[in-house]
Amino acid sequence: MPELPEVEVVRAGLTPAVTGALIAGVDVIDERALTRHVGGAADFADRLSGRTILGAARRGKFLWLPLAPGDAEHPEALLAHLGMSGQLLLRAPGAPPERHERIRLHLVTRDGPSERDDVPAAPRWSGELDLVFVDQRTFGSLAIDALVTTSDGQPAGWGSECADDPARVPAQARHIARDPLDPAFDDRAFRDLLRRRSSGIKRVLLDQTVLSGVGNIYADEALWAARMHPEQSAASLPTRAVTRLLAEIRAVLHKALAEGGTSFDAQYVNVNGEAGYFAHSLNAYGRTGEPCPRCGGAIVQVRFMNRSSHYCPRCQRLPRPARTHGAVEPGPVR
DNA sequence: GGAATAACCTGGATGC
DNA sequence: TGCATCCAGGTTATTC
């Protein structure tokens with residue numbers, strides 16, 4: 001499932017390939033991939049054709065490609081959210097359709113392959129390439145969105161310096177908090193926010209208006225590393241505990257980034273269709289019934305917010321009497 | 001305004 | 001073998 005590391009791997013893969021590319025044509029195969037776009041498929045294709053991609057930027061799980069030419073007062077970007085199963089793939093022109101292909105952009109690169117010789121990871125195209133949006137579960141979406149000034153005036157996110165004004169973020173992502181790897185992330189403000197939240201800490205970590213980029217997998221992993229029970233009240237956490245949790249979140253995200261992200265059932269791949277390796281490094285998520293790597297106790301799985309939560313009940317204890325309802329017996333790992 | 005929950009969606013896994 | 005059901009989870013709308 002694409003969380004911060006997976007989206008960042010995609011962004012980093014797109015940057016050398018699409019920066020400066022002209023959008024020569026747009027095929028909308030499935031309009032459900034435009035749920036975030038106001039105006040429908042024809043409007044999407046008309047407004048995108050003839051524009052130039054300035055680069056690739058990201059905040060949390062939102063990815064955007066600033067566009068030119070544009071009105072300096074009202075710049076726009078192609079916004080992408082991968083949802084649960086979205087993929088952005090680079091393909092040679094004329095490549096056969098992908099399974100679950102939703103949208104295909106036909107690009108003409110500005111400089112051709114010779115200008116990208118210093119970027120070994122970039123595919124070598126002949127000056128034309130297709131950017132293909134694939135999404136099995138159709139929770140992902142593309143849209144043309146207005147770029148608006150960030151609330152703090154700081155750069156909008158990773159890679160946002162590619163735009164004329166780095167401090168502009170897509171309007172649909174403006175409410176999204178900064179991610180913990182963002183240089184402008186405010187640790188103190190995060191601690192203050194947690195003090196006002198009585199919800200369980202995992203619920204708060206999944207709230208993208210508090211902290212972005214963390215989803216179910218990395219929330220479970222960071223809580224395991226910090227030895228925190230997912231249902232422990234956020235407001236009850238001492239400052240030292242929040243500081244430790246932030247450090248563990250960052251460590252997990254950095255490690256996942258270094259390993260190319262987490263791939264399950266081919267639901268996440270980079271722009272070249274390759275899977276990441278972080279699934280091999282998971283300590284809690286998806287390891288129901290396996291021994292905890294730290295204490296040997298069995299990892300359990302509980303239902304939580306319409307999804308699963310994995311933790312070690314032995315070394316991630318609630319500081320007060322635990323609510324045990326909802327726990328299921330350890331079973332085989334899928 | 002905070003908190004909790006359901007709905008959206010599809011394909012693989014599982015059970016009968 | 002075929003059909004029905006469950007499950008995965010990011011975001012948002014709705015309800016309390």
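Below, chains carry the letters A, B, ... as their sequence lines are ordered, and counting in each starts from 1.
Considering only side-chain N and O atoms, A:H81 lies under 4.0 angstrom from the phosphate OP1 or OP2 of C:dT11. Note on A:S85: every side-chain N or O is 4.0 Å or more away from OP1 and OP2 of C:dA8. In terms of phosphate contacts, A:R36 brings a side-chain nitrogen or oxygen within less than 4.0 Å of OP1 or OP2 of C:dT12. A:R303 has no side-chain polar atom (N or O) that falls below the 4.0 Å cut-off from OP1 or OP2 of C:dC6. The phosphate of B:dA4 has OP1 or OP2 within less than 4.0 Å of a side-chain N or O from A:S199. Distances shorter than 4.0 Å separate some side-chain N or O of A:R99 from OP1 or OP2 on B:dG12. OP1 and OP2 of C:dG10 both lie 4.0 Å or more from every side-chain N or O belonging to A:Q208. Proximity of A:Q301 to the phosphate of C:dC7: no side-chain N or O atom is located under 4.0 Å from OP1 or OP2. The side chain of A:H175 places an N or O atom within less than 4.0 Å of a non-bridging phosphate oxygen (OP1 or OP2) of C:dT12.
Classification of A:R91 and A:E98 as a salt-bridged pair holds, one side-chain N sitting under 4.0 Å from a carboxylate O.
For the residue pair A:Q301/A:T288, the side-chain donor-acceptor check at 3.5 Å is satisfied. For the residue pair A:H106 and A:D27, a side-chain donor N or O sits within less than 3.5 Å of a side-chain acceptor on the partner.
The aromatic rings of A:F62 and A:H81 sit perpendicular, their planes meeting at an angle over 60°, well past the 30° parallel limit.
Put simply, CG on A:L193 is 14 Å from P on B:dG1, counting in whole angstrom units. For A:D207 and C:dT12, the CG to P distance is 11 Å, given to the nearest whole Å. Atom CZ in A:R196 sits roughly 11 Å away from atom C1' in B:dG1 (whole-Å rounding). Atom CG in A:L206 sits about 16 Å away from atom C1' in B:dG2, given to the nearest Å.
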Side chain to side chain contact (heavy atoms under 4.5 Å, CB included) assessment of A:R227 paired with A:R294 | CA-CA 10 Å; A:R227 299 174 182 249; A:R294 185 167 48 214; 3.0 Å; yes
Write down the protein N/O and nucleotide N/O pairs, taken from nucleotides 5-8 of chain B, whose separation is under 3.5 Å; answer none if there are no such pairs.
unit_1	atom_1	unit_2	atom_2	d
B:dA6	N7	A:N306	ND2	3.1

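Using a 4.0 Å heavy-atom distance criterion, A:T35 is classed as making no nucleic acid contact.
Set against B:dG2, B:dC9, C:dG10, the side chain of A:R197 has B:dG2 as its closest nucleotide. Of all nucleotides listed (B:dG11, C:dA8, C:dT11), C:dA8 comes nearest to the side chain of A:Y285.
Considering A:E6, A:K255, A:E248 as possible partners of A:Y218, the one that fulfils the side-chain hydrogen bond (donor to acceptor under 3.5 Å, both in side chains) test is A:E6.
Under a cutoff of 6.0 Å and an axis angle of 45°, A:R168 and A:W64 do not form a cation-pi pair.
Remark on DNA chain B: of its neighbouring residues A:T138 and A:G200, the 5'-side contact belongs to A:G200, judged by nearest-heavy-atom nucleotide.
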